[in-house]
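Have a look at the structure below, then the notes.
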Amino acid sequence: MDLNYSAEELSFRDQTRAWLEANLPKDLRDKVANYEHLSRDDLLRWHRILAKKGWVAPAWPKEWGGTDWNVVQRYIFEEELGYVGSPPLIPFGITMCGPVLLRFGTEAQKKRFLPRIYNGDDFWCQGYSEPGSGSDLASLKTKAVRSGDHYVVNGQKIWTTLGHYADWIFCLVRTDSSVEKRQEGISFLLIDMKTPGITVRPLILMDGAHEVNEVFFEDVKVPAENLVFQENKGWTVAKYLLGHERMNTGRIGASKRELAKLKDFVSQRNIVDVRFKDRLTRLEVELMALEITNLRFLDTMRRTGQPPGADVSMLKIKGTEIQQGLTELMMQAEDPAEAAAIAGSLGPRYCSMRKTTIYAGSNEIQRNIIAKMTLGL
Amino acid sequence: MDLNYSAEELSFRDQTRAWLEANLPKDLRDKVANYEHLSRDDLLRWHRILAKKGWVAPAWPKEWGGTDWNVVQRYIFEEELGYVGSPPLIPFGITMCGPVLLRFGTEAQKKRFLPRIYNGDDFWCQGYSEPGSGSDLASLKTKAVRSGDHYVVNGQKIWTTLGHYADWIFCLVRTDSSVEKRQEGISFLLIDMKTPGITVRPLILMDGAHEVNEVFFEDVKVPAENLVFQENKGWTVAKYLLGHERMNTGRIGASKRELAKLKDFVSQRNIVDVRFKDRLTRLEVELMALEITNLRFLDTMRRTGQPPGADVSMLKIKGTEIQQGLTELMMQAEDPAEAAAIAGSLGPRYCSMRKTTIYAGSNEIQRNIIAKMTLGL
Amino acid sequence: MNFDYNEEQQLLADSVRRYLQKDYDFEARKKIVASNEGWSAAVWAQFAEMGLMGLPLPADYGGFGGGAVDLMGVMEAFGDALVVEPYLPTVMAARLLGKHPILSSVAEGKTRLALAHTEAGARHRPGHVNVVARKTGNGWTIEGEKKAVAGAPIADMLVVSAKGPDGVALFLVESPSAEVKINAFRALDETRSADIVFKGAKAEKIDGGLAQIEDAIDFGTALVCAEAVGAMKFACDTTLEYLKTRKQFGVPIGTFQALQHRMVDMFIAYEQAKSMACLACSKVDASANATERARSVSAAKIKISDNARHVSQEAVQLHGGMGMSEEMKVSHTFRRLTVIAEQFGGADYHLERFAGLQ
Amino acid sequence: MNFDYNEEQQLLADSVRRYLQKDYDFEARKKIVASNEGWSAAVWAQFAEMGLMGLPLPADYGGFGGGAVDLMGVMEAFGDALVVEPYLPTVMAARLLGKHPILSSVAEGKTRLALAHTEAGARHRPGHVNVVARKTGNGWTIEGEKKAVAGAPIADMLVVSAKGPDGVALFLVESPSAEVKINAFRALDETRSADIVFKGAKAEKIDGGLAQIEDAIDFGTALVCAEAVGAMKFACDTTLEYLKTRKQFGVPIGTFQALQHRMVDMFIAYEQAKSMACLACSKVDASANATERARSVSAAKIKISDNARHVSQEAVQLHGGMGMSEEMKVSHTFRRLTVIAEQFGGADYHLERFAGLQ
């Protein structure tokens, strides 16, 4: 048993960290550190810096720009991104649409879309959730009717993260309403956001931020060549995507950075209340435990070459609880006399982080998954 | 709004308290205070002292020995019993079998059983749970077959509290297995524990105490006159009993006594750790809140004359959580060097109190009840 | 023993509730919050008209001499509707004005007050006062900085705590002025607040010192407990409604047992909080001494803080994404309850205080 | 990075597990616990035979020089089977004996040891030692009282901490004797323990002081973390099995979502605890300094204490009445985990210690 990275892994980490430290533009780093709004340009600028370095899509095959890193290196890279405080790498193109096209796309689709995703020419978003379909994804109602060489799409998506930045959206749509098993009438479509009939309406969250949207489709014509995989087989694609890469849902790097910041803050403010310090210690311990748990999954993955089981959901559950705990502590650490600062930044961040236990499969859904898949209940 | 008892209620409380203080034998009080085993004689001795005073069955009609106290007085009396640290008044006769007979019994049954219950001539126990029927009471299997002027009972009961002390047991038994709705084939029988064919087997709990039992019935002949209410209508009786009197499930008086003891202990040991003191304060506050919540129910009950709704289940949930919390704190307060004391008394008590969230309708069942009946879920 | 409001209390609470339902629904409130001023003069006038302003004031000044229990039902209604007008700051400050003639104007709704007491680093300790009061000729001047003064941008007069020659004393100051600089901001709960710099502001000394400040803060804390109860009630009710109507997998999500049990725990948390709010308000009105009052208020605030956090977080979580949306009232209730959890001290502060009052 | 046991570790753990499954099932253990002695000489001999006694001892004394990680799998198996033999007391005391010749006899299973360190009022602070060692002629005598010495009634020799002329030192004492009075009792977890009165007991001074005591306690704490992991694993597995087989309302109770989610939380608590046990054992073996070792062990014990309580309580609760029964192994696992939560200090103690080691 050895909990430490190997010398090679340590050296990889140090090199990665050094490069990120040197190449992350200061203005972007400051914006992230201060929880400021990141524009489309901010996100794409960082994307392109990584693309130029060849690090924007480590998991892709070498021929499409991947790095050939093993799972541990990929994990280290992502944690370092979090730790250094980089802008988020928006997952919709690189870690969602890309892998789907690589697995299910035609050669033409790959050639058309993958390089543009890689280089940050296209900004992608995800069209899964609908007003009536959250946890119960298969109940989605947005309809696509084949008509000649195109589909006509009608319906509505919701919670579309950064839809207002996007050039393209990948959607799950219903292409057959007659089937008894709802999963069997769903298809996976790529839709150009500039197509007439698409309306994006902002959904402002309680922290006041514009991050998610409603997307309305009214007689939107989508060329049939934008169908991925077979018609009515979209659920296969969706399941592949859900099970794809969930080694970094714990966001340990980012939480380590937040923890370090909180500790700084606490020592500046000279907070000595044992109650507060205990909560801080318990969060730190929880994060230590989560990191080791994560490494244990990684070790198993590397050893067996198998993707992780459903129990990897615990990384998301614990990781998000830690993120929320950190923002809550940060708000409590602030002098209550600084209500303006709380209203300006800490409070909205606390509000915003409540979403982490809801999105990307709520923690209740994650518990259902573990109960069913891992525990056999 | 007035959270205080009226002058009359206060005077009632003071008189009750003074009488209990004066009449509770010291040896019994010490046994209770030290969590010692209480024998059948201990329990009956105290029962008879109260019976002699006319206080053993306050809720019964005056003609059968009741006190005519209103709900508030009855509540005060029970809380004072808890606070003074009296042996428990075993509920099976006084607050379970008695009310059932008063509501459903024949005149002959009342005359035969009630005075003996009142005077502590008969010790009663309850035959509800079976190995396969805990929360799902209606699935019970113990069978009673009518044969001439008696029933023949076969089957098994479990968790029979103080069954080894009992002269009589009241049982739910299945008298019709053919009905589709399981509740409709159940009857309520009174069975003399001396009847041939009854075997009582101790079930030792993890604190080492003999408190509950398994009771086996093998061709046990029960006179048909011991049927209460109609054959196959036992579920009506059971439901009446369950909804009967649940104003004191919070056990606030007893918890107040334990809290006072814990505070004494803490100040003797000079425990100054803020962590421990915070837990103590939070328990104290939870208990204050529960007492007021309890009084709110009582106030409503007195005002409306209606029995309380299902939300009274919260008294049981919170009350038992507080009882468990107190034993846990008591164990933590002890110097760990006194492991012998922990092994001798505090530890077993902590173990024993785990049952409170399980018995008398587990806290999960109580939550189901509130969800369904109060919240309409 | 009696947990009902008396007839006047109930009538008033009902009429406030009716008024708020009619004229202060979520849409109306949204407009008020978004306005430059961040409050509505019309609503304030209506409060005065209904007698809310005079309610806690002495009878000689147009008031009714009401206590915390008299205000409980009103505060619960305010918590339900998420009222942002500076009612609490005004009545807290008024409590410190004894029999000052200005109270007549407060009762009429013409004057709004705020209590300028909090300073940087105080962390709720009432004696932490560094603002200075100096005697000048036949008056006083105030120098220093107050922080996070609720309602200050809207107030006409400030009651200011300051260190005078004989310790902490109280002063009445007009606001704003050249010597009273108001740095206004919108707090996390969308009420208006301000940091204030006093630069030799002219002040009128009023009676009272630290003991009165503690009394006023306990009074305010008890009222905010009642407001929290109203807000928690809304959070519970709206979440229950959502569980009953939102369908997934073909059934209302309220049929899922894990969510049912969590809903039950929210409901119990609300009931336990309500019990403690009753205790705090009653004891503020009728305690034999300041220690008994302080113990009850701190006990209540411990529970209210814990349960406000629990109920608000669960309400959002059980709403799923919808709970995060600014368009849903529950997200604003979340913000208000988040602020309430720490207002006048969170559980940590009151645990410490409670333990010190044994 | 590698979370597997190496081949020897795995082989040993497997053979211990097999042995315990065969000869130390719940019924066999029940008999041992109920016996006068409260332990089994045959089991002990088998431990020695399998090399467990020598495992952590120096090679020169028949040992294998193993560290905490080498013992992890064994301790997990002990936690699963609820072994009551005084293995941990013996290896902790042995760790303090350096290269003492008696270790050969320990390795052979002929000598059992115990560490007599705890005193009244110490509350886990390692420096709290009032037992006194006096130089007498060419030897030493020990005077004073030790409390809750695990394994003492079974031990042949005691390693005793005592205050000598140069501070806290370590001594080897034969037990029992006319000068070493053993007041034995059965602890809550059914292991044998004793309070001990030393009345001028003859003692042999051995090397080491406070630093070595802290090291031995951290070693023991890390091992008890591993044991806790084994016990939690059993608690989780048996509860899961119960949820799948126990039927109510015509279905297994494991179909109820509220219970599912609680089972999932138990499972996660076990996994998180396991991760921290790995950390503690690794750092005990390979820390650069005592501070790093202590921080890791305290961090682990915080999590283990919290999660042992959580898992043990939920295991009993989800078993319903059955979980309370002495006839169910899970109720004994509950008792062992209850003791482990506070053994070598509970979360409170280690939170304090961790914070002091920043």
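Proteins come first, then strands; the chains are lettered A, B, ... in the order of their sequence lines, and each starts at number 1.
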- Message: Show me the pairs that pass side chain to side chain donor-acceptor pair (under 3.5 Å) and involve residues 333-342 of chain B, at least two apart or across chains.
- Response: B:Arg269-B:Glu334, B:Glu338-D:Lys147
- Item | B:Pro336 backbone acceptor or donor facing D:Glu342 side chain under 3.5 Å | no
- Got a donor-acceptor contact below 3.5 angstrom from the D:Gln317 side chain to the B:Thr357 backbone? yes
- Message: Heavy-atom pairs under 4.5 Å with chain B: which of D:Ala187, D:Ala122, D:Gly321, D:Gly346 has the most?
- Response: D:Gly321
- Which one, D:His332, D:Arg186, D:Glu352, D:Glu190, leads in non-hydrogen pairs under 4.5 Å with chain B? D:Glu352
- Is it true that atom NZ of B:Lys263 has more than 12 heavy atoms of other residues, nucleotides or ligands lying nearer than 6.0 Å? yes
- Residues, nucleotides or ligands: over 12 heavy atoms within 6.0 Å of B:Lys261 NZ: yes
Could you state the interatomic distance from [atom1] ([X]) to [atom2] ([Y]), rounded to the nearest 0.5 Å?
X        : Y        : atom1 : atom2 : result
D:Gln313 : B:Tyr350 : CD    : OH    : 3.5 Å
D:Phe249 : B:Asn368 : CZ    : CG    : 7.5 Å
B:Cys351 : D:Met324 : SG    : CE    : 7.5 Å
B:Ile158 : D:Met322 : CD1   : CE    : 6.0 Å

- Between B:Ser352, B:Ala340, B:Ser362, which has the largest tally of heavy atom pairs under 4.5 Å with chain D? B:Ala340
- Query: Can you pull out the residues in residues 204-217 of chain B with any heavy atom less than 4.5 Å from chain D?
  - Reply: B:Ile204, B:Leu205, B:Met206, B:Gly208
- Task: Output yes when B:Arg279 and D:Asp348 qualify as a salt bridge under the 4.0 Å nitrogen-oxygen rule, no when they do not.
- Result: yes
- In sequence, state the C-alpha distance, the side-chain angles, and the governing distance for D:Glu314 and B:Arg354, and then conclude on salt bridge (charged side-chain N to carboxylate O under 4.0 Å, His left out). CA-CA 10 Å; D:Glu314 286 289 85; B:Arg354 304 313 304 174; over 6 Å; no
- Applying a criterion of heavy atom separation less than 4.5 Å, what residues of residues 253-264 of chain D form contacts with chain B? D:Leu259, D:Arg262
- Task: Spell out the residues in residues 191-198 of chain D that have some non-hydrogen atom less than 4.5 Å away from a non-hydrogen atom of chain B, in order of number; otherwise answer 'none'.
- Result: D:Asp195
